[in-house]
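In the text below, chain A, chain B and the rest are named by the order of the sequence lines, each starting its count at 1. Side chains included, hydrogens not; waters and symmetry mates left out as well; all remaining heavy atoms used.
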Amino acid sequence: MTQPSKSELTLDKIVSLAKRRGFAFQSSEIYGGLNGCWDYGPLGVELLRNVKDEWWKTMTLRENIEGIDASILMHPRVWEASGHVENFTDPMIDCRQCKARYRLDTLSDEISVKKIWEAVEKVQSSNGTGIVEEWRKTSPALASLDKKQPEDVIRTEFAGTLERFPVLVLPELSCPNCGNKATFTEARKFNLMFKTFVGPVEDSSAAVYLRPETAQGIYVNYQNVVASSRQKLPFGIAQIGKAFRNEINTKNWLFRTREFEQMEMQFFVKPGTDDDWFEKWRHERIEWFTNLGINKDKLHFHRHEKDKLAHYAKDAYDIEYQFPFGWGEIEGIHNRTNYDLTRHQEFSGKSMEYFDDASKEKYIPYIIETSAGASRSFMAFLVDAYAEEDTGKEIRSVLKFHPRLAPIKVAVLPLVNRETMPEIARNIFDDLRKRFRAFYDDAGSIGRRYRRQDEAGTPFCVTVDSQTLQDQTVTVRDRDSMKQERVGSAKISEYLENKLKRQNE
RNA sequence: GCGGGAGUAACUCAGUUGGUAGAGUCACAGCCUUCCAAGCUGUUGGUCGCGGGUUCGAGUCCCGUCUCCCGCUCCA
């Protein structure tokens, strides 16, 4: 059996299959779709649920992790404390010539002091319109044209000028990348958080945001959980929920969307033990994916370089999956230090300290974050499961999901619609469907029906044949090997339970 | 946000210099069929992405717009 190389696998193929079989549809499709929004269909919702269930059980079926489900709307101050208000609203500009993109607030770092003075002199000599006057008031060091000012003062003031009066200086600057002058687009302010209003009146004082990450819902509840669950450090809080980011560009199907779901576990530890816990969680998390059948070769860690770490992070690894479009992050494991809790203590005025009864110490815990994308994991499991096999006569399309992730666990098929086979199969189906997601199919040849289940990723097919009439046994056909074994029809439930059983972790 | 490509049935696609919209697959109803698709008969299914314009007439030409894919950029 040869397998075509997976490099031939395109996203288009998966998107098409996903639509045909009911995994994912474009949102509001009959109205032309909504950019970057997708809906999960009948099979998709089962797969997604199974992914989330597996994650939830892995996390919470242990002593030291509690679950919560926080509100999507939170107090606006949360996002000031978290740094999102500041960091999510950077004005951006593009160079029309070379297409380079810059953050307005960091553009001045790439421009020499000499060039800065040149631009400032141009602005100074321009006609004294109101805006120039205003600028002179806010940037005295520049306005005085005192070139003996220390460089950092010049730079700070110039950065401020750029941010407040981009119209004034941008036409005087050259693109640091291509060197062309006056090629910048207007500064556009991106607010990456979705804004809405509490109450029916659109009053700005009632503005709130749809959470851009679920983590903050855990942090703000950390003291509540400690108090109510009697947990002691180290312990974790798990949550699955939707988050929203008003991305500039959505792309790659479910990979970058504006509405997405996260599976996050924030683990609270004593400072100093954080590195060890970080390593432990990092390895545990990648094993979660491989234990559920993801090809090891398609997974790797991507460590964030020190100078590119987020403002809160001490160390960070992404678990990346090799999608048809390249490597993409499906989970991030970050050492967030005590940044978040410290900030919330500052902004809320409430203590975030933990009192360690054993050592009589008081401290703000460090947090090891494991943040997996539910939608991205869904996509990785789907892409990874997809296989085309040459059986010699034809190409078999099959989704080789781990049985616990498979949307449909078992299909029940009468070999032919004769004698009492359909009735017996119906009875078996009626029994199984109460315990497993099951499917009954009597349409077409048996081979066709097996193929249909292959394409839906159903791991087991139970077939009633003439021998069933004699000895009450049925065949169970395995999706991947296509091999069959005979099982007593009364024992199928037990047989499936065994196949779907979780290992003790 | 920039550049390129695409959008016609549920899916993959055809559709000539502008002249009544097609195929295969899928699905459904039968027939056939005793273990790995595509055998037979019949049937359902199309705002040709959307909106304008040109024209006697637009899937086809023009303009705008939306959406998807690819490449840049971005991803705190």
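Between A/Lys298 and A/Asp384 there is no salt bridge, since no side-chain N of the basic residue sits under 4.0 Å from a carboxylate O of the acidic one. Salt bridge status for A/Asp441 with A/Arg448: absent, with no side-chain N to carboxylate O gap under 4.0 Å. Remark: A/Arg211 does not engage A/Glu264 in a salt bridge, criterion side-chain N to carboxylate O under 4.0 Å. Between A/Arg426 and A/Asp442 no salt bridge is recorded (no basic side-chain N to carboxylate O distance below 4.0 Å).
Looking at A/Arg336, its side chain never comes within 3.5 Å of a backbone N or O of A/Leu341 through a donor-acceptor pair. Under the 3.5 Å distance criterion, the side-chain polar atoms of A/Lys409 are left unmatched by any main-chain donor or acceptor of A/Phe460. A donor-acceptor contact shorter than 3.5 Å links the side chain of A/Ser348 to the backbone of A/His344. A distance-only check finds a donor-acceptor pair linking the side chain of A/Asp465 to the backbone of A/Thr468 [under 3.5 Å].
In this structure, CZ of A/Arg21 is placed 11 Å from P of B/C26, rounded to the nearest angstrom. Whole-Å rounding puts the A/Ile30 CD1 to B/C66 C1' distance at 15 Å. Spacing between atom CD1 of A/Ile330 and atom C1' of B/C75 amounts to 17 Å, rounded to whole angstrom units. To the nearest angstrom, C1' of B/A76 lies 15 Å from OH of A/Tyr209. The nearest whole Å value for the distance from the CG atom in A/Asp441 to the C1' atom in B/A27 is 12 Å. The distance from atom CG of A/Asp12 to atom C1' of B/G5 is 11 Å, rounded to the nearest whole Å. In this structure, A/Arg452 atom CZ and B/C28 atom P are separated by 6 Å, rounded to whole Å. Distance, A/Leu192 CG to B/C74 C1': 9 Å, rounded to whole Å.
Annotation: B/C26 and B/C61 have their C1' atoms spaced 35 Å apart (nearest Å). Comparing the same atom, P, in B/A6 and in B/U41 gives a spacing of 38 Å after rounding to whole Å. Between B/G59 and B/G52, the two P atoms lie 14 Å apart (nearest whole Å). Straight-line distance between the C1' atoms of B/U47 and B/C74: roughly 37 Å, to the nearest whole Å. Distance check on atom P: B/U60 versus B/U54 gives 15 Å, rounded to whole Å. B/G4 and B/G51 have their C1' atoms separated by 25 Å, given to the nearest Å. Across B/C48 and B/A23, the matching C1' atoms stand 16 Å from one another, rounded to whole Å. Using P as the reference atom, B/A27 and B/A37 are 15 Å apart when rounded to the nearest Å.
In this structure, A/Lys19 does not reach the B/A10 phosphate: none of its side-chain N or O atoms is under 4.0 Å from OP1 or OP2.
Contacts between residues 374-381 of chain A and RNA chain B, defined by a heavy-atom separation under 4.0 Å, are absent.
Residue A/Ser16 forms a side-chain contact (heavy atoms from CB on, under 4.5 Å) with just one option from A/Lys13, A/Lys19, A/Arg20, and that option is A/Arg20.
Pairing of B/C72, defined by two Watson-Crick or G-U wobble distances under 3.5 Å, is identified with B/G1. B/G18 is unpaired under the criterion used here, namely a Watson-Crick or G-U wobble arrangement in which both key atom distances are under 3.5 Å. Under the Watson-Crick or G-U wobble criterion, with both distances below 3.5 Å, B/C35 is left unpaired in every strand shown. Using Watson-Crick or G-U wobble geometry with both donor-acceptor distances under 3.5 Å, B/A6 finds its partner in B/U67. Using Watson-Crick or G-U wobble geometry with both donor-acceptor distances under 3.5 Å, B/C28 finds its partner in B/G42.
Ring orientation note: the planes of A/Phe401 and A/Phe23 are tilted relative to one another, at an angle of 30° to 60°. Ring planes of A/Phe268 and A/Tyr222: parallel class, angle under 30° (limits at 30 and 60°). Taking the six-membered ring where the residue is Trp, A/Trp288 and A/Phe381 present perpendicular rings, their angle passing 60° and hence far from 30°.
Side-chain atoms of A/Lys251 come within donor-acceptor range of the base of B/U73, with a qualifying N/O pair under 3.5 Å.
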**Item:** nucleotides 31-39 of chain B: protein proximity per nucleotide (B base, S sugar-phosphate only, - neither; heavy atom, under 4.0 Å)
**Value:** --BBBBBB-
**Request:** Assign a letter to each nucleotide of nucleotides 41-46 of chain B from its 5' end: B, base within under 4.0 Å of a protein heavy atom; S, sugar-phosphate only; -, no contact.
**Result:** ------
Look for any protein N or O under 3.5 Å of an N or O in nucleotides 22-24 of chain B and output each such pair with its distance, or none.
none

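Residue-to-nucleotide proximity on RNA chain B shows that, of A/Glu247 and A/Ser16, the 5′-proximal contact is made by A/Ser16. If A/Phe255 and A/Gly36 are placed on RNA chain B by their nearest nucleotide, the residue sitting closer to the 5' end is A/Gly36.
Shown here is A/Arg437, whose CZ atom has no more than 12 heavy atoms of other residues, nucleotides or ligands within 6.0 Å.
Aromatic pair A/Trp327/A/His300: centroids less than 6.0 angstrom apart.
Of the candidate nucleotides B/C11, B/C75, B/C69, B/C11 has the atom lying nearest to any side-chain atom of A/Arg20. Closest approach to the A/Arg256 side chain among B/C75, B/C70, B/C69 is made by B/C75 (side chain taken as heavy atoms from C-beta onward).
Here A/Gly326 lies out of heavy-atom contact (under 4.0 Å) with every strand. Here A/Leu413 lies out of heavy-atom contact (under 4.0 Å) with every strand.
The closest side-chain heavy-atom distance from A/Arg303 to A/Asp315 is below 4.5 Å.
Remark: A/His402 pairs with no residue by the side-chain hydrogen bond (donor to acceptor under 3.5 Å, both in side chains) rule, at least two apart or across chains.
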Can you give me every donor-acceptor pair (side chain of residues 30-42 of chain A, partner residue at least two apart or in another chain, under 3.5 Å) with its distance?
{"unit_1": "A/Asn35", "atom_1": "OD1", "unit_2": "A/Thr250", "atom_2": "OG1", "d": "2.9"}
{"unit_1": "A/Asn35", "atom_1": "OD1", "unit_2": "A/Arg258", "atom_2": "NH1", "d": "2.7"}
{"unit_1": "A/Trp38", "atom_1": "NE1", "unit_2": "A/Trp253", "atom_2": "O", "d": "3.3"}

